[in-house]
Each structure stands twice: as structure tokens, then as C-alpha cells.
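The structure appears below as C-alpha cells.
Here is the naming used below: chain letters follow the sequence lines, and residue numbers restart at 1 for every chain.
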Amino acid sequence: MAADLRDFIRDRIRRDLDGGGAGVVTRFPPEPNGYLHVGHSKSICLNFGVAQEFGGKTYLRYDDTNPERESTDFVEAIQNDVAWLGFDWEGPTFASDYFEELYRFAEQLIERGKAYVCSLTADEIRRTRGTLTEPGTPSPHRDRAIAENLDLFRRMRAGEFPDGEHVLRARIDMASPNVNMRDPILYRIRHATHHRTGDDWCIYPMYDFTHCICDALEGITHSLCTLEFEDHRPLYDWVLDNIAVNFHPPQIEFSRLEVEYVVMSKRLFAALVDGGHVTGWDDPRMPTLAGMRRRGYTPAAIRELCRRIGVTKSENRIEYELLEFCVRRDLERAPRGMAVLDPLRVVLTNFQAAAETLSAAWHPQHPDLGNREMTFSEVLYIDRDDFMETPPPKYRRLTPSGMVRLRYGYIIICDEVVKDAAGTIVELRCRYVPESKSGSDTSGLKPKGVIHWVDAGTAQAASVRLYERLFTEANPTSANYLEVLNPNSLRVMDGWVEPAVVASGERAFQFERLGYFVKDDVDYAPARPVFNRTVALRDSYKPKVP
RNA sequence: UGGGGCGUCGCCAAGCGGUAAGGCACCGGGUUUUGAUCCCGGCAUGCGCAGGUUCGAAUCCUGCCGCCCCAGCCA
């Protein structure tokens, strides 16, 4: 399966396996302090993907070592998102599952003279860490006796000290050119309630101490993370080399996924929500998986994106068009329907009979999807921009005394343009050609265009949301995101949709010539349909503007 | 100015000494009762720059240049 995927990580795994490595075990390790976004999908698809391809397994492991920002709500939301993307995990497990073992390894480090309790203030620690070009200076507590360190650390755990009084530090090298190795902090005192362990603990392990040990304990064969952790790899290795653990996973780094016109920081997400610029974390304009789901992006499309972008160490920012391509590609097989978003009334002056019932395929290339029925009668709606009084050259829609095919219906010819006092077109009076019925046309007429329409008598009123990019610049930053916010990112249309779409149990449709639309997860009701436009159709129509 | 990374077409990305894959985008053309889909074709004498090694270099060597990350008791 997916044997065609090739990148430096998969190559590495293949080599490890050929060299006698036993199986593949990976992990996706989010901190439960926010919602997942597209960026995470690269890590998810990579970790779960390689495990699937090599017959291994993947843990969903929550890195919950900072109780003040984490919650079970996020734990659940993250699980929903990973499941939605289509992956099954081992677990879930939590770093907090290992708090007791982690603590014992910390004592072991102390006993081995590899860690000490430092009583400097946070500020003092920062000042003595040195700079990027100057070495740090050793803490006065660096050579504290082992017994004293042990006693202090146990009392830290027992809750004898307030936050900030002491920390446990690794005893490595204050002069290391790698700042992460200058006696990094392993444990800090935090009198806070943890979402899972409650008040059992008042000391919490830091990421660098926790992550590598959890990887080892779970038998992770390949610990995949993003580039910014490259500098942490020596510390990852140092911890495992200095405790009694018999497994040492390799940490392998790859570059994050970035997308043009998209911000990926939780801080910015919160600012957008709090500022009322979007309606919530699941607003269809948000790059969160929840937002994309509501927008109508499909799991398969996101997986396809991750497949196409590859895995490398080069920083990248992919064009939004690639994501849209993947979405359209997956949605191509969606059933078709017709909707009119900006209605213009068309009266067929020669249509005398009662409404006629027409039949149309749900998908022109997939007859297996069956057919739906629609009515055709004297009064119809077409979209305003499908009529022009003075059309540009090559215009293939309706014009005064011009003719056009109504998709799945009849050819109509425009006889009269009715305007109100202000000069706005309010109605078109047309003739239809009775012998031009779709599928049994004997008229011999060859209209140059086909447009969509709905029957005013049976169409259902629908609210349709059209989206544009949230930002007007490809590279919004935390500094300028407010200035480059797109004021037109949401446009709500009061339109009409053919009744079969509402009656259908399907969620996603292509409204012909308009794009792909999805019934909104939260606001849709059959009596009051609400659709979100997932993505517009590709459009190669480019009128020559002088 | 310390350390760690990265530089191949507008955006991704193969390539690992034998003479620049592929995708997206873009541009042409064909089919089409969606200006969609689908199908064909075009799109890097050049791989950050400059030297060098070699019969031969994007690939090896040397020196530059540019960009990213690191000085949280965040992850």
C-alpha cells in the first residue's frame, strides 16, 4: 500500500528495517492545549502513514506536562479530528500516565550525579545561562551533595515549596555552544490542578525530559518531529543515555507545513475568535481541522495534500491553489444540483401549461448515482451575472434577443428586459423553444451557452455563504494580521436551491457552474437550508477587459 | 560574532558522479448541454554564487552569499 511514497524518512525506515530493525512504532504527540490545524495534518499523515505502510502502529500520545493550559475538552477535540482524518491510534496515552516513572528516572539522575536542585530564581537562571556567543556560568548549587539534592527534590514533590523556589536541572555543560545543553531545567514546581492527575502532583516534568522517556517507554522506533527541535536532539539523547532505560529511539526532524494566506498559531486563532473576526474555532474560514471540516474540505483531500507536498527538511509554504486542487479533485464525484445565488426573474411568455417535470442525472459522468426530478414552469430564476445587456466579446450567456440553453431544460430566447424606475433590471421576458427539450431536442438550434436555473414555483429559499481568503496577503504575521484581514472573507447570499438537493441525504454537492457546497453542520435545517461554499470551480473564463 | 539546519522552474519536489522526474500554477489545443471534469501539448543548456577535482559535477572539494531555528521554570 502506498508503496510509491518516498522521502528521506521513509528511506531511513526502510534501511532500518533492512538492517534488522523490528517493526515500526510512531507517535503523534500533541499538547492538549488547542485545536488541531492543517499544519498538524502533515505530522499526522506522516506518523500514521509510515506505520501503516510498514505494518506498524502509532500512538496518539498527549504531551500534557503543563497543567495550566491543558484540558480534557482539547483532548476530545483532538481525538475527533484525528479520527475524522481517518486514522486509528494505539492508546491514547498521556505523558501524565508516566509521571511516576518519570519521577523515578529523575531521582536516578540525581543519584548518578547528573542532576541537581537549583534554587536560583527564574531571572537568575536566565542571566547565568549566557548568550548565544558567551558561555553561561555555573549555578552556585551545581555541586550540591547528592543526598541534599535527593532530599530537596523529594520535598519539592511533597509540596513543601512554593512555585519557583527550586527547579531540578540536568548537570551537563554550562559552556556548551548549544544553549539547550546549559544545564536545562527538568522539573519545575507548579501548584496547579492537572486535567487528569488532579492535585496528585505539584512538580511537573519539562518537555525535554519527558518526551524522550515516553518515546523509549512506548518503544517508539522513529520519533518524528519538526525542525525547531533539531537543537534539542542532543538533549533527547543525553537523557536517554544517562538513565537506566534499554531503548533509545532516534529523533528525526522534518519541516513543518505552511500554507499561503494562512496563519497557524494558536495565539492568532484565539485573537481572531476573540476579536469577532470569525465566529469560532470551527468557522469555515479557519485553518483548524474543525473549520475545514465545516467548510466542506474532506479528509481524503487533506491526506492527498500531505501526500503531494512530500516530506523534507526545507522550509516551505505551499500555495493555497494546491489545497484547493486536492479538494476539488476529491469532490468531483459529488452529486450535482442547481442553485441560484443572485436571482433574476425570468418569465416565459409562451409557457401556458402546468409545470412540467424534468429528470436529470445526479452526476453526468456517474449514471450510477441515479437521477433527480425538477420542475419547469412559467417563472424561473437565473443568476444575474448570466445576463448582460451589453456583453463583452465571447460572452456565452443570455443577452437581449440572445438565446441560451437552460441546463437539463429548454432553450430560451430573451425578448424583453424589464427595469424599475432606477434602471435596475427586475425581470426578463423570454420565450422558450418547446421542441428543444434537453435530451430530445429537434429544434436544430445551437445556443453557445448553457446556464443553470431553478423553478421559482418549487425552489427552496436557502442561505448560501461564499468565502474568500481570510487575509489579503500570502504572509500574514502576528504583527500585521489585523491590517491584512480580508473584509470580504464572508458573503451571505439569499438564494434558491432546487428541492431535490434539500430532500437528498447527501451532505456535499456541486452546484453546477458555481462550485462545491456543503450543508452547514450547525446551521442547516431542511426548512431553512444553509450551505457553505467549499471551493469554487476552476474558471478559465477571462473576459478581455480593455 | 556561538551552535544547528536549509538553498534544484512562480509554489512544492525527485535526483546521491554519466549529461535536470513528477505535481500544482500558468499558457495553448481537443471533447463537452457545467467557460467544470476529462484528454493532449508547452513550460529549468540549467540546479544560491565563485573557483577547483574529473573524460564527465545539481551531485565530490574549497571559499563565499542568502534564509530559517535556538538564550521559556512552553511544547
Side-chain angles (χ1 to χ4, degrees), chain A residues 6-7 29-31 33 63-66 68-69 95 118 120-123 125-127 129-136 163-169 176-182 184-190 203-204 206-208 210-211 225-234 253 255 257 260 305 307-326 328-329 332-333 336 338 360 363-365 394-397 404-409 411 436 438-439 441 446-452 474 510-516 536-543:
Chain A
R6 200 131 308 196
D7 55 62
E31 181 184 12
N33 71 340
D63 241 327
D64 57 345
T65 56
N66 189 0
E68 281 156 321
R69 9 185 258 177
C118 178
L120 256 24
T121 64
D123 198 50
I125 288 179
R126 182 173 47 74
R127 287 202 313 262
R129 187 152 26 223
T131 68
L132 295 179
T133 53
E134 300 158 329
D163 288 7
E165 184 102 335
H166 305 288
V167 289
L168 183 72
R169 288 232 249 170
S176 172
N178 180 346
V179 195
N180 293 115
M181 298 298 272
R182 319 242 260 233
I185 290 164
L186 268 20
Y187 268 88
R188 74 285 216 190
I189 300 171
R190 207 49 117 242
I203 57 172
Y204 291 92
M206 297 286 289
Y207 165 86
D208 286 306
T210 309
H211 203 91
C225 65
T226 42
L227 250 29
E228 67 270 25
F229 290 102
E230 277 179 316
D231 289 339
H232 294 246
R233 191 181 342 122
E253 310 86 8
S255 59
L257 161 62
E260 285 188 345
L305 173 77
R307 192 182 70 73
R308 284 168 180 266
I309 59 174
V311 180
T312 68
K313 290 177 80 103
S314 357
E315 255 133 59
N316 59 83
R317 192 168 179 86
I318 64 144
E319 292 176 334
Y320 208 85
E321 284 78 1
L322 180 60
L323 208 202
E324 292 187 324
F325 167 83
C326 294
R328 288 192 191 102
R329 196 176 109 99
E332 218 293 313
R333 58 195 170 77
R336 273 86 224 264
M338 289 198 285
H363 193 300
Q365 279 88 29
K394 304 277 181 58
Y395 189 74
R396 312 214 312 231
R397 310 175 194 179
V404 76
R405 153 81 60 188
L406 293 180
R407 171 130 247 224
Y408 300 125
I411 293 169
S436 69
S438 184
D441 185 352
K446 291 273 181 279
K448 49 188 199 286
V450 181
I451 64 173
H452 59 277
Q510 182 195 104
F511 289 162
E512 295 205 31
R513 304 209 306 134
L514 297 176
Y516 293 100
L537 259 26
R538 271 186 92 236
D539 185 8
S540 58
Y541 173 53
K542 34 192 181 306

- Query: Can you name the ring pair (Phe, Tyr, Trp, His ring centres under 6.0 Å) partners of A:Tyr187, sequence neighbours left out?
  - Reply: A:Phe153, A:Phe209
- Message: Given the structure, check if the side chain of A:Glu253 and the base of B:G5 hold any donor-acceptor pair shorter than 3.5 Å.
- Response: no
- What residues form a side-chain hydrogen bond (donor to acceptor under 3.5 Å, both in side chains) with A:Arg129, not counting sequence neighbours? none
- Message: Can you measure A:Glu319 atom CD to B:C12 atom C1' for me and round it to whole angstrom units?
- Response: 8 Å
- Query: Say you pick atom P in B:U45 and the same atom in B:G2; how far apart are they, in whole Å?
  - Reply: 37 Å
- Task: Considering only atom P, compute the distance from B:G35 to B:C6 and round it to an integer number of Å.
- Result: 48 Å
- Query: Whole Å only: how far is the CZ atom of A:Arg307 from the P atom of B:A14?
  - Reply: 13 Å
Can you tabulate the close N/O pairs, meaning under 3.5 Å, that link protein atoms to atoms of nucleotides 35-40 of chain B?
residue: B:G35; atom: OP1; partner: A:Arg513; partner atom: NH1; Å: 3.4
residue: B:G35; atom: O4'; partner: A:Arg396; partner atom: NH2; Å: 3.3
residue: B:G35; atom: O3'; partner: A:Ser540; partner atom: OG; Å: 3.2
residue: B:G35; atom: O2'; partner: A:Asp539; partner atom: OD1; Å: 3.2
residue: B:G35; atom: O2'; partner: A:Ser540; partner atom: N; Å: 3.3
residue: B:G35; atom: O2'; partner: A:Ser540; partner atom: OG; Å: 3.3
residue: B:G35; atom: O2'; partner: A:Tyr541; partner atom: N; Å: 3.1
residue: B:G35; atom: N7; partner: A:Arg397; partner atom: NE; Å: 3.4
residue: B:G35; atom: N7; partner: A:Arg397; partner atom: NH2; Å: 3.0
residue: B:G35; atom: O6; partner: A:Arg396; partner atom: N; Å: 3.1
residue: B:G35; atom: O6; partner: A:Arg397; partner atom: NE; Å: 3.4
residue: B:G35; atom: N1; partner: A:Lys394; partner atom: O; Å: 3.0
residue: B:G35; atom: N2; partner: A:Lys394; partner atom: O; Å: 3.2
residue: B:A36; atom: OP1; partner: A:Ser540; partner atom: OG; Å: 2.7
residue: B:U37; atom: OP1; partner: A:Arg538; partner atom: NH1; Å: 3.4
residue: B:U37; atom: OP2; partner: A:Arg538; partner atom: NH1; Å: 3.4
residue: B:U37; atom: O2'; partner: A:Glu332; partner atom: OE1; Å: 3.4
residue: B:U37; atom: O2'; partner: A:Glu332; partner atom: OE2; Å: 3.4

- Task: Answer with yes or no whether the side chains of A:Asp63 and A:Thr210 bring together a donor and an acceptor at under 3.5 Å.
- Result: no
- Have a look at A:Gly515 and say if it touches a base, only the backbone sugar-phosphate, or nothing, with a 4.0 Å heavy-atom cut-off. nothing
- Footprint string (nucleotides 65-75 of chain B, 5' to 3'): B base within contact, S backbone only, - free, heavy atoms under 4.0 Å: ---SBBBSBBB
- Spacing of the C1' atoms in B:G7 and B:C11 (rounded, Å): 15 Å
- Item | Backbone N/O of A:Thr121 and side chain of A:Asp123: donor-acceptor pair under 3.5 Å | no
- Spacing of the C1' atoms in B:C69 and B:G28 (rounded, Å): 44 Å
- Item | Residues which pass ring pair (Phe, Tyr, Trp, His ring centres under 6.0 Å) with A:Tyr408, listed by chain and number, not counting sequence neighbours | none
- Task: Calculate the interatomic distance between A:Glu321 atom CD and B:A25 atom P; express it in whole Å.
- Result: 8 Å
- Note on the structure: The Watson-Crick or G-U wobble partner of B:G66, with both key distances under 3.5 Å, is B:C6
- Item | Same-atom distance (P) from B:G15 to B:C9, integer angstrom | 16 Å
- Message: So, using ring pair (Phe, Tyr, Trp, His ring centres under 6.0 Å) as the criterion, who are the partners of A:Tyr207 when residues are at least two apart?
- Response: A:His211, A:Phe229
- Query: Mapping A:Asp441 and A:Thr133 to their closest nucleotides on RNA chain B, which lands nearer the 5' end?
  - Reply: A:Thr133
- Task: Identify whether the glycosidic angle of B:G22 places it syn (within 90° of 0) or anti.
- Result: anti
- Task: List for me each residue that meets salt bridge (charged side-chain N to carboxylate O under 4.0 Å, His left out) alongside A:Asp539, sequence neighbours excluded, and say none if there are none.
- Result: none
- Item | Watson-Crick/G-U partner (both atom distances under 3.5 Å) of B:A71 | none
- Task: Scan every strand shown for a Watson-Crick or G-U wobble partner of B:C26, both distances under 3.5 Å, and answer none if you come up empty.
- Result: B:G42
- Backbone N or O of A:Asn178 within a donor-acceptor pair of the A:Asp231 side chain at under 3.5 Å? no
- Message: Considering every strand and a 4.0 Å limit on heavy-atom distances, what is the contact class for A:Arg407: base, sugar-phosphate, or nothing?
- Response: base
- Item | Whole-Å distance separating the CZ atom of A:Arg317 from the P atom of B:G10 | 18 Å
- Item | Rounded distance in Å between the C1' positions of B:C16 and B:C47 | 14 Å
- Starting from C1' on B:G5, measure out to CG on A:Asn316 and report it in whole angstrom. 14 Å
- Is any side-chain heavy atom of A:Tyr395 closer than 4.5 Å to a side-chain heavy atom of A:Lys448? no
- Message: Going by purine N1 to pyrimidine N3 plus the second Watson-Crick contact, or the G-U wobble pair, all under 3.5 Å, which nucleotide sits opposite B:G35?
- Response: none
- Task: Quote, to the nearest angstrom, the C1' distance that separates B:C24 from B:A14.
- Result: 15 Å
- Query: Looking at B:C6, B:C24, B:A14, which one has an atom nearest to any side-chain atom of A:Lys313?
  - Reply: B:C6
- Task: Please state how far atom CG in A:Leu322 lies from atom C1' in B:G10, giving the value in whole angstrom units.
- Result: 14 Å
- Task: Using both distances under 3.5 Å as the test, list the Watson-Crick or G-U wobble partner of B:A13, or none.
- Result: none
- Item | Residues in salt bridge (charged side-chain N to carboxylate O under 4.0 Å, His left out) contact with A:Glu68, at least two apart in sequence or another chain | A:Arg190
- Taking only residues two or more places apart in sequence, or in another chain, which ones meet A:Arg307 in a salt bridge (charged side-chain N to carboxylate O under 4.0 Å, His left out)? A:Asp4, A:Glu304
- Task: Taking atom C1' in both B:A21 and B:C12, compute the distance separating them and give it to the nearest angstrom.
- Result: 14 Å
